[in-house]
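First comes the structure, then the notes that go with it.
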Amino acid sequence: MKVQVRLCEKMSRTLKKTLDIGSQSAQIAVAAAAAAAAFWLPQHVPAADSESCSRYTETVVFDDGRRISFDMVLVPGGTFVMGSAAGDPRGRDDERPARRVRLRDFYLCDKETTLELFLAYYEQTTSARNDKKNHGKTSGHVDAITGPTLVYGDITMGYSPRHPAVGMTWHNAANFCLWLSAKTGRKYRLPTEAEWEYACRKGNAGCGNDPNRIGDFAWYKANSGGQTHPVGLKKPDSLGIHDMLGNVLEWTSDFYSTKAYNTDPNEAVLDNPSGPAGGTVHVARGGDYTSGAADLRCAARSFEEKGWRSGDPQIPKSTWWLPQMDFIGLRVAAGTE
Amino acid sequence: MKTQSKSQNIATSRRQFIKRTTGTLAAVSLAEAVAAAANIGESNTIPIALIGCGGRGTGAAANALSTDGPTRLAAMADIFDFRLAGSFEKLSKQFTRQLDVPEDRRFLGFDAYRKAIDTVSNGGVVILTTPPAFRPIHLEYAVARNCHVFMEKSFAVDAPGIRRVLNAGQEAEKKNLKIAGGLMARHYEPLEEAVRRLHRGDIGPLITCWAYREHGPVGFKDRRPGMSELAHQIHNYSNFTWVNGSFILDWLIHNIDVCCWCKNAWPVSAQGQGGRQVRSLPDQMYDHFAVEYTFEDGTRLFAQGRHMDGCWRFFGDVIHGTKGSAVLGEGITKPSIFTGHRQQDSNLLWRYEGPRCDAYQREHDLLFEAIRQDKPYNETERCAHAAMAGILGRMAAESGKAVTWQQAMSSDLELAPGLDNYTMDSKPPVEADGEGRYPIAMPGTAKVL
């Protein structure tokens, strides 16, 4: 454990020396969030080296001294078959054809992003805007990250700070990652769809995908009581990650396409795919508290449906919020660079 | 969600429409009934006029154009050209074939509503989605011109306005016009089911209701270059009392209304408090309210609203009966009912777990279905009473005095005297002092009745 801590600290120092996240983020307009997401995708880097720690704790420190921490787990890279095999009766058309994918190492948060942290992001960025209107002043470098518009109603939807953050659009989730990066000095982003599925498969082999044991690992229709639950209450998978399946759907960085897996058949292995170049909606993974056991599959793909905006009575619909949609959240990822 | 009403293919001919209308309402003259059906025509296409082209108005127009049966948007009105243009552009993309609003039916100014309503008079539908101060004026005119109406909340900002709305509702009843009000929580099926369970006694007789709207601050738009003071205040309609009636009315109305729905009564009196402690933007808003309402049977409804960051957040209602409690209302997607007074899972009696419901669409589906099938549909009275409950709360909090429903309802105090005759050059009823500060109601001295 000591070794891990030491290595993590070394990595952290290196990051601080080489990155100037504050100035980078200032250049990234929110309007270009999709492009920004692509920017944050891991570039070609050597596979995991000995300096990657298996787990580290990130702490976000606020001006008032408040600290919010979360843990990031190393997902060692490798090659896997993404999607559902032709003969798999549970697989759907958009999960085919299955393809071989090779991924570099990456980190994934061991829990879904909490309301506590998402509220802090919301309040800090919206307060910064109000400060400007009140006094013409700003309150720190994070103002470079544009915050969401004011939510109609209550961002918590009645859930506690330990519950997963819910009801944000993909744009808002991606923007949260920009804010978190600026705040911590480390690049955080949404996982790619491939990363998400890979981590799910790697962590759930032999446990979470067993319908008889799914209740030990996931909040879903049979045990959720019709609501989300605080993150991390269920058993972790073998990677140490909680709630990969069930509780809330998790945004990924990829655009959704039914034909996303129809890649060049001559390409034997796809390296670090990041999804279609364009699209209208994004992929969310993992099922949620309303899902049946059969839908809690590592290969199952969800995406933003039209009804997700129905809680917003305005036109144009909010770029930031999906009012009443308490089944969609996020989990942050990071590269090892 | 696709509601049952939407799945029905309704095609009422003009002849059937007139037959039903005249057959069901003896008090209505044949001439009036014919007038109410005239604008629908043989095609059954219902023309719609949109009065108030902001985000909610555009959304409401989209809901109306998404109902079963042929509809067309025939006229639009606003006081802001940029609002109208933006709305037209958005709707054009989504409803290309249903948009029938040439330039000469896009009206601007304080009298634009008259021109737009005239376009669909005698049987068309008018969507009233301006800030609430204008609702009574617009509703009166729509009814006078024999139009069916969807009116967004809130429905007035003062007692004279409420009385005008009530009178217009009665007039609509006589004319067999259908009036829907935008308290969509009343048409949210999960909540309807929860209230059914409360009314059948699942938690016993109700003893206390709590209505909450606790969240962050309300936004504020900077003054646009060249924008007059009047236009600036209307542009920021949530922030000036004469335009929206304060946030205990315009923002808490749903959850106050839901409590009264559960209780099946309107309050008879109120006392409360409120103020402006954290907010420093140049507007009139209180940033917190706490009002205690009393029902005829002596039980209470407590309504709280706070718009501050860094504080406890909750948006919903908590209802206590003699045997149990419930968490429901706007902001609560899945209403829950519990045994006892601790709202915890171990006490859960029932929680809605059905499909999602789009109440914003459903309220339009129901209105248009009522029009096409000529079913009774007039939500004016309960909408006006819900707004009156909010106004009563504002009066109590701003004055610091106990106010009865009767006193409040009898008040002749208008927040914007002469609003019917406003033009773009009019002065607003409140103005900032030399330091840019607007008048704030001071408990103890504020005149509210």
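Numbers restart at 1 for each chain; the letters A, B, ... are given by sequence-line order, proteins then strands.
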| query | So, do A:H229 and B:D345 sit near enough that their side-chain heavy atoms are less than 4.5 Å apart? | reply |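 Side chain of A:H229 against side chain of B:D345, heavy atoms only: contact under 4.5 Å found.
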TODO: Could you tell me whether the side chain of A:Q314 reaches within less than 4.5 Å of the side chain of B:Y360, counting heavy atoms only?
DONE: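 Answer no - side chains too far apart.
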Residue selection (most heavy-atom pairs with chain A, distance under 4.5 Å) from B:E330, B:E214, B:M184
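Top option by heavy-atom pairs under 4.5 Å: B:E330.
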Discussion item. At a heavy-atom distance under 4.5 Å, which candidate from B:A62, B:G316, B:G310, B:G216 has the highest pair count against chain A?
Written reply: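 Ranked by heavy-atom pairs under 4.5 Å with chain A, first place is B:G310.
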Where on [X] is there a heavy atom nearer than 4.5 Å to chain A: the side chain, the backbone, both, or neither?
{"X": "B:H307", "result": "neither"}
{"X": "B:T58", "result": "both"}
{"X": "B:R213", "result": "side chain"}

Quick one: [atom1] on [X] to [atom2] on [Y], what's the gap to the nearest 0.5 Å?
{"X": "A:Q324", "Y": "B:D358", "atom1": "CD", "atom2": "CG", "value": "8.0 Å"}
{"X": "B:R313", "Y": "A:L115", "atom1": "CZ", "atom2": "CG", "value": "9.5 Å"}
{"X": "A:M157", "Y": "B:K334", "atom1": "CE", "atom2": "NZ", "value": "9.0 Å"}

Could you report the tightest heavy-atom contact between [X] and [Y], atom names first, then the distance?
{"X": "B:P217", "Y": "A:L150", "result": "O-CD1, 3.4 Å"}
{"X": "A:G225", "Y": "B:E353", "result": "C-OE2, 3.9 Å"}
{"X": "A:D154", "Y": "B:F314", "result": "OD2-CA, 3.6 Å"}

A quick test of your reading: do over 12 heavy atoms of other residues, nucleotides or ligands sit less than 6.0 Å from [atom1] of [X]?
{"X": "B:Q277", "atom1": "CD", "value": "no"}
{"X": "B:R276", "atom1": "CZ", "value": "yes"}
{"X": "B:Y237", "atom1": "OH", "value": "no"}

task: Applying salt bridge (Lys or Arg N to Asp or Glu O under 4.0 Å), name anything that partners B:D78, two or more places apart in sequence or on another chain.
output: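 B:D78: no salt bridge (Lys or Arg N to Asp or Glu O under 4.0 Å) contacts found.
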Exercise. Report the residues that fulfil salt bridge (Lys or Arg N to Asp or Glu O under 4.0 Å) with A:R66, sequence neighbours left out, ordered by chain and then residue number.
Key: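 Testing A:R66 for salt bridge (Lys or Arg N to Asp or Glu O under 4.0 Å), a comparison that skips the adjacent residues, returns A:D64.
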| In terms of heavy-atom pairs under 4.5 Å with chain B, which of A:D326, A:I155, A:I315, A:D312 leads? |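 Counting heavy-atom pairs under 4.5 Å, the top option is A:I315.
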* Check: A:E123 side chain, B:D309 main-chain N or O, donor-acceptor pair, under 3.5 Å ->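 Answer holds: no.
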